[in-house]
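Taking it in order: structure first as structure tokens, then the write-up.
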Amino acid sequence: MNNDPELNGKYLGSITQDFAVVSDTLKEASYQIRKRGFSEHPVFAIAKFDQPIGQLLIAKEDLAVNWNYNASFLNEFVQREIIAEDKIDEFKANYKDPDEFCCLFVIDDNFTKFVFIPYPED
């Protein structure tokens with residue numbers, strides 16, 4: 001699967017527009033995932049269609065947004081072989097502060113990419 005090295009405008013605008021609506025919910029979910037000891041590396045899989053990664057947190061129809069948001073974490077991505085065992089340390093090294101950034105796994109047709117987007121400042 002070929003991925004663009006950068007998130008193009010098609011995705012950036014749509015994700016940014018949604019993020020203004022869902023960021024508080026995602027930030028709280030990230031905090032709860034970490035606080036309850038599930039993972040230090042929460043990941044939110046987003047897609048415009050149903051997909052099996054994680055558990056549905058926000059359905060696009062519920063908030064009139066463009067994407068469905070599923071809550072997950074690093075271990076599930078390793079179990080599903082999306083992240084190889086030998087790439088775990090690399091993923092952790094690239095993972096940004098979860099109090100300041102949201103880790104999204106964008107899934108759309110032939111495009112998949114991890115994206116870190118900063119939470120809005122209070």
Side-chain angles (χ1 to χ4, degrees):
M1 188 174 290
N2 293 330
N3 286 332
D4 295 330
E6 296 295 324
L7 194 63
N8 71 30
K10 170 185 171 185
Y11 297 104
L12 189 58
S14 175
I15 291 169
T16 302
Q17 183 179 31
D18 271 16
F19 202 70
V21 176
V22 301
S23 63
D24 288 343
T25 302
L26 298 182
K27 189 172 188 176
E28 179 61 23
S30 172
Y31 172 76
Q32 291 298 331
I33 288 168
R34 291 178 286 127
K35 177 183 174 191
R36 294 175 187 213
F38 292 112
S39 178
E40 288 299 310
H41 302 92
V43 179
F44 298 95
I46 71 169
K48 295 182 178 186
F49 47 86
D50 291 337
Q51 55 80 28
I53 301 169
Q55 293 195 338
L56 184 63
L57 181 63
I58 301 168
K60 64 183 181 178
E61 299 82 18
D62 292 345
L63 291 180
V65 291
N66 296 302
W67 302 84
N68 293 315
Y69 292 80
N70 288 23
S72 185
F73 40 87
L74 174 58
N75 192 38
E76 181 177 3
F77 283 80
V78 173
Q79 289 174 356
R80 291 182 177 275
E81 299 179 348
I82 296 168
I83 297 175
E85 292 273 347
D86 64 347
K87 297 293 184 182
I88 293 172
D89 289 339
E90 184 179 335
F91 179 84
K92 288 179 178 181
N94 289 310
Y95 194 89
K96 297 186 184 299
D97 181 347
D99 288 323
E100 296 181 23
F101 289 85
C102 183
C103 179
L104 301 177
F105 184 65
V106 181
I107 307 165
D108 189 37
D109 297 326
N110 293 328
F111 178 91
T112 57
K113 183 171 181 67
F114 285 99
V115 176
F116 292 90
I117 185 166
Y119 290 111
E121 293 186 22
D122 295 331

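Counting begins at 1 with the first residue of the sequence. Below, each value reflects all heavy atoms present in this structure, side chains not excepted, and no hydrogens, waters or symmetry copies.
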Evaluate the side-chain proximity of F49 to I107: yes if any heavy-atom separation is below 4.5 Å, no if none is.
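In contact.
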Are side-chain heavy atoms of L104 and L26 found at a separation under 4.5 Å?
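The answer is yes, as the side chains (C-beta and beyond) meet within the 4.5 Å cut-off.
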Flag if over 12 foreign heavy atoms under 6.0 Å of [atom1], [X]:
{"X": "D89", "atom1": "CG", "result": "no"}
{"X": "E61", "atom1": "CD", "result": "yes"}
{"X": "F101", "atom1": "CZ", "result": "yes"}
{"X": "D50", "atom1": "CG", "result": "no"}

Which heavy atom in [X] sits nearest to a heavy atom in [Y], and how many Å separate them?
{"X": "S39", "Y": "F73", "result": "CB-CB, 3.3 Å"}
{"X": "D18", "Y": "N66", "result": "OD1-N, 2.9 Å"}
{"X": "L57", "Y": "A29", "result": "CD2-CB, 3.7 Å"}

Name all residues meeting the ring pair (Phe, Tyr, Trp, His ring centres under 6.0 Å) criterion together with F114; count only those two or more places apart in sequence or in a different chain, and write none if there are none.
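Residues passing ring pair (Phe, Tyr, Trp, His ring centres under 6.0 Å) with F114: F77, F91, F105.
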Taking atom [atom1] of [X] and atom [atom2] of [Y], what is their separation to the nearest 0.5 Å?
{"X": "R80", "Y": "N75", "atom1": "CZ", "atom2": "CG", "answer": "11.5 Å"}
{"X": "I15", "Y": "I117", "atom1": "CD1", "atom2": "CD1", "answer": "7.0 Å"}
{"X": "K27", "Y": "F19", "atom1": "NZ", "atom2": "CZ", "answer": "9.0 Å"}
{"X": "I53", "Y": "I46", "atom1": "CD1", "atom2": "CD1", "answer": "11.5 Å"}
{"X": "Q51", "Y": "L56", "atom1": "CD", "atom2": "CG", "answer": "9.0 Å"}
{"X": "E28", "Y": "I33", "atom1": "CD", "atom2": "CD1", "answer": "10.5 Å"}

Under the side-chain hydrogen bond (donor to acceptor under 3.5 Å, both in side chains) test, which residues partner R34, sequence neighbours left out?
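If we apply the side-chain hydrogen bond (donor to acceptor under 3.5 Å, both in side chains) test to R34, skipping adjacent residues, the hits are S30, D99.
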Do Y95 and F116 have ring centroids that are under 6.0 Å from one another?
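Yes.
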Are V106 and Y119 connected in a single hydrophobic cluster, I mean Ile/Leu/Val/Met/Phe/Trp/Tyr linked by side-chain heavy atoms less than 4.5 Å apart?
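Same cluster: Y119 reaches V106 through Ile, Leu, Val, Met, Phe, Trp or Tyr contacts under 4.5 Å.
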Report whether V21 and W67 are members of the same hydrophobic cluster (ILVMFWY, side-chain heavy atoms less than 4.5 Å apart, transitive linking).
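In one cluster: yes.
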Could you please spell out the steps behind the side-chain contact (heavy atoms from CB on, under 4.5 Å) verdict for V65 and K60?
CA-CA 5 Å; V65 291; K60 64 183 181 178; 4.1 Å; yes
Give the intermediate values and the outcome of side-chain contact (heavy atoms from CB on, under 4.5 Å) for residues I58 and F44.
CA-CA 10 Å; I58 301 168; F44 298 95; over 6 Å; no
Backbone of G54 reached by a side-chain donor or acceptor of E76 within 3.5 Å:
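Indeed, once roles are kept as given, a pair shorter than 3.5 Å links the two residues.
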